[in-house]
Protein chains: 2
Amino acid sequence: MTSLGSSDVLPAAARLRKIRQALQRTPGVSVGAMARQLRVSEMTIRRDLEKLQQVADVRRTHGGAVLAERTVFEFSYLERQRARQTEKKAIAQAARQMIGEGQRIILDTGTTTLHLARLLKDVRNLTVITPSLAVASELQYAPEVSVVLLGGVIHRGSPDLTGPLTEHCLEVFSADWAFQGAEAIGPDGSVYNTDLQLAQVDRKMREKAERTCLLADSEKFGRTALIRGGTLKDFDILITDKNAPRALSALARKMSCRVMTV
Amino acid sequence: MTSLGSSDVLPAAARLRKIRQALQRTPGVSVGAMARQLRVSEMTIRRDLEKLQQVADVRRTHGGAVLAERTVFEFSYLERQRARQTEKKAIAQAARQMIGEGQRIILDTGTTTLHLARLLKDVRNLTVITPSLAVASELQYAPEVSVVLLGGVIHRGSPDLTGPLTEHCLEVFSADWAFQGAEAIGPDGSVYNTDLQLAQVDRKMREKAERTCLLADSEKFGRTALIRGGTLKDFDILITDKNAPRALSALARKMSCRVMTV
DNA sequence: GACAAAATGTTCGATTTTGTGAATTATTAC
DNA sequence: GTAATAATTCACAAAATCGAACATTTTGTC
């Protein structure tokens with residue numbers, strides 16, 4: 001492949017082109033390989049790569065070079081659980097029914113609320129307030145929906161913003177609904193989060209919404225987690241699935257929280 | 001010495017990409033398989049995975065690694081930024097020199113500031129406050145940098161947050177530096193933006209920073225744009241490139257704005 | 001051909017990356 | 001629960017790579 005044409009050294013410009021081509025084919029080139037292939041010293045290749053880095057989308061690395069990354073902005077996170085997708089979708093569907101045109105709603109972080117976000121793309125004149133980059137991303141192109149992203153600190157590997165700034169942002173809003181998930185719901189009706197900051201943000205959200213709704217599939221019941229962020233009393237409605245424990249209805253009623261089962 | 005075989009050994013960075021690609025194809029990779037496939041020791045793969053976990057959407061597992069779920073914001077505006085790349089990079093480099101460890105800086109929206117963001121990944125103990133999803137995305141995996149995303153409304157097709165909420169968020173901060181771009185700089189030293197909200201947010205940023213710096217390549221001079229957001233008086237330093245007009249220096253001096261040319 | 005300028009090659013100490021084996025920790029099987 | 005097995009981490013030595021300085025070759029110009 002390299003041996004076509006003259007086996008002599010190439011002019012500099014041609015060498016740069018060859019390096020660039022090689023980069024296009026493979027995920028990266030090594031200084032040594034290029035030097036051998038183009039019959040020049042390694043130092044020359046290094047200087048070439050330095051040059052290419054200046055003028056082209058080539059990035060120098062130890063041992064060689066790679067092509068610069070494409071420019072797509074992505075936030076990534078580890079999906080908590082793929083489990084219970086069906087239940088979560090059904091719960092989201094039920095929540096969707098409660099939202100009307102022109103409303104302002106607060107959508108919390110979580111997989112269930114993310115499902116809900118997907119169902120909101122065609123609600124007319126809707127305002128969605130959220131600390132979740134995933135929710136924001138999901139709705140960014142919905143023409144009828146305006147998305148307000150709350151401020152906050154970005155945590156590595158997590159798709160949501162939390163912290164004092166997030167609470168501070170919420171301060172200025174008032175919404176028709178707040179939809180939240182939970183990590184666990186104890187047998188006494190306590191609602192748990194994994195994280196203190198998250199719990200505080202959640203509390204503030206409930207303050208700022210006229211009505212509040214908790215989305216929790218049946219797996220969440222009877223467990224606990226690190227932070228007790230509130231109780232069922234704090235929610236107007238709880239939406240869950242058919243596998244939720246029997247005792248739940250009575251418990252919720254005592255705490256003046258309506259239960260919807262899907 | 002280099003003439004030995006080993007023609008298929010990739011530089012480290014390329015290996016990281018291969019691993020990431022493999023991860024994209026299959027739900028997970030094992031340390032052993034990767035080591036065999038890439039002809040390196042398992043220890044090397046472990047170190048690679050550790051690195052990937054730090055800087056990318058990869059999560060380590062016992063025995064291998066998996067890909068974290070991604071949230072993608074895609075914006076098309078980057079296409080036109082090809083122009084003046086070299087100048088913008090050089091300007092960003094100069095700005096980088098002014099930032100020290102442990103500082104808090106505000107980074108505005110724009111392609112030049114995005115270039116600057118790329119140079120900040122290894123600044124220790126840095127806090128970056130920004131309304132730009134692109135900047136936030138760029139720095140989300142920098143282990144030493146904490147990123148505060150300001151709240152605001154997401155506009156379709158634009159990777160940044162603006163509006164009253166953004167200003168409200170800025171209220172609580174105070175920073176060492178504010179770095180901003182501009183759409184145009186008039187012959188009288190007026191600084192122009194394309195958008196009123198952006199201009200207002202910019203003004204607030206300057207209020208909240210001890211020192212302010214304007215990043216503008218020479219193409220911006222002598223033009224105007226929709227909104228007059230401020231003047232060179234509002235900036236302590238202007239960084240530009242060699243092609244900037246001669247008159248600029250005198251003009252800037254009159255407005256007590258230091259000029260750096262790269 | 002003679003000269004200067006640019007490009008390339010060489011050498012070498014410093015730095016980064018990699019491999020190895022022992023000690024430690026997690027996972028699995030029982 | 002415990003033992004057996006696999007994976008991980010740690011520390012250190014070996015190997016590869018880097019870049020600067022200087023030597024050498026090539027190129028362009030008169």
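Computed from a predicted model, the values in this text were never measured in an experiment. Worth knowing before you read on, the calculation uses all heavy atoms, side chains too, and leaves out hydrogens, waters and symmetry mates. Convention: sequence-line order gives letters A, B, ...; per-chain numbering from 1.
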Quick one: [X] [atom1] to [N] [atom2], roughly how many Å, whole number?
| X | N | atom1 | atom2 | value |
| --- | --- | --- | --- | --- |
| A/Met43 | D/dA23 | CE | P | 16 Å |
| A/Arg36 | D/dT17 | CZ | C1' | 14 Å |
| A/His62 | D/dA15 | NE2 | C1' | 11 Å |
| A/Met34 | D/dC18 | CE | C1' | 19 Å |
| A/Asp48 | C/dA7 | CG | P | 10 Å |
| B/Arg46 | D/dA11 | CZ | P | 16 Å |
| B/Glu42 | D/dT9 | CD | C1' | 13 Å |
| A/Ile45 | D/dG19 | CD1 | P | 14 Å |

### Task
Would you tell me if any nitrogen or oxygen in the side chain of A/Arg60 comes within less than 4.0 Å of OP1 or OP2 on D/dG19?
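For A/Arg60, the contact criterion (side-chain N or O under 4.0 Å from OP1 or OP2 of D/dG19) is met.
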### Message
If you compare every side-chain N and O of B/Arg15 against the phosphate oxygens of C/dT17 (OP1, OP2), does one of them come in below 4.0 Å?
### Response
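Result: no.
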What's the shortest heavy-atom distance between [X] and [Y], and which atoms?
| X | Y | result |
| --- | --- | --- |
| B/Asp160 | B/Ser132 | CB-CA, 4.1 Å |
| A/Val191 | A/Leu214 | CG2-CD2, 4.1 Å |
| B/Arg96 | B/Leu116 | N-CD1, 3.7 Å |

### Query
Which one, C/dT18, D/dT8, C/dG9, comes nearest to the side chain of B/Ala12?
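When the side chain of B/Ala12 is considered, C/dT18 is the closest of C/dT18, D/dT8, C/dG9.
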#### Entry: From D/dA7, C/dG19, C/dT10, nucleotide with atom closest to B/Thr44 side chain
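Minimum distance to the B/Thr44 side chain belongs to C/dG19.
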### Query
Is a donor-acceptor contact shorter than 3.5 angstrom present between the side chain of A/Arg47 and the base of D/dG19?
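In this structure, the two groups form no donor-acceptor pair.
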### Query
Can you tell me if A/Thr113 uses its side chain to pair, donor with acceptor, with the backbone of A/Gln180 under 3.5 Å?
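Such a contact is absent between A/Thr113 side chain and A/Gln180 backbone.
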### Query
Using a cut-off of 4.0 Å on non-hydrogen atoms, how would the nucleic acid contact of B/Thr61 be classed: base, sugar-phosphate, or nothing?
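Sugar-phosphate: the residue B/Thr61, judged by heavy atoms under 4.0 Å, touches backbone atoms but no base.
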